[in-house]
Amino acid sequence: MVMGENLALLLGGLLSGFLAALVVVLPSIYAGGAAIPLGDLSIMLAVVLVAGILSSLASVRATLRAPLLPALRGD
């Protein structure tokens, strides 16, 4: 469940960042002065996605290995 939530947040962040960047670059594209480097963009988004998934997986695994009851009783 936690991994699903992290993945949804990661994908939402990537999508909103992509759309915001597209809105900023769109006038230059229509003016003919710019082009979207789809290859580089795809690689960068894939690297960010993989890094986000791996870091989420590491944090979930660390949390599952921790003794939860003593930690909750201490608070």
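Keep in mind that the numbers below use all heavy atoms, side chains included, and drop hydrogens, waters and symmetry copies.
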Inset, instruction - Might you point out which heavy atoms bring L10 and V48 nearest each other, and give the distance in Å? - result: CD1-O, 4.4 Å

Legend entry - Distance-minimising heavy-atom pair for P67 and P70: O-CD, 3.6 Å

Does [X] belong to the same Ile/Leu/Val/Met/Phe/Trp/Tyr cluster as [Y], with side-chain heavy atoms less than 4.5 Å apart forming each link?
X   : Y   : value
L9  : L7  : no
I29 : V23 : no
L19 : L49 : yes
Y30 : L38 : yes
V25 : M44 : yes

Legend entry - Side-chain touch L45/L41, heavy atoms, less than 4.5 angstrom: yes

Legend entry - Heavy-atom check, side chain of L22 versus side chain of I36, under 4.5 Å: yes

Legend entry - ILVMFWY cluster membership beyond V47 - transitive side-chain contacts under 4.5 angstrom: I43

Inset, instruction - First locate atom CG of L57, then atom CG of N6, and finally report the distance between them rounded to the nearest 0.5 Å. - result: 10.0 Å

Inset, instruction - Can you measure from CE (M3) to OG (S59) and round to the nearest 0.5 angstrom? - result: 7.5 Å

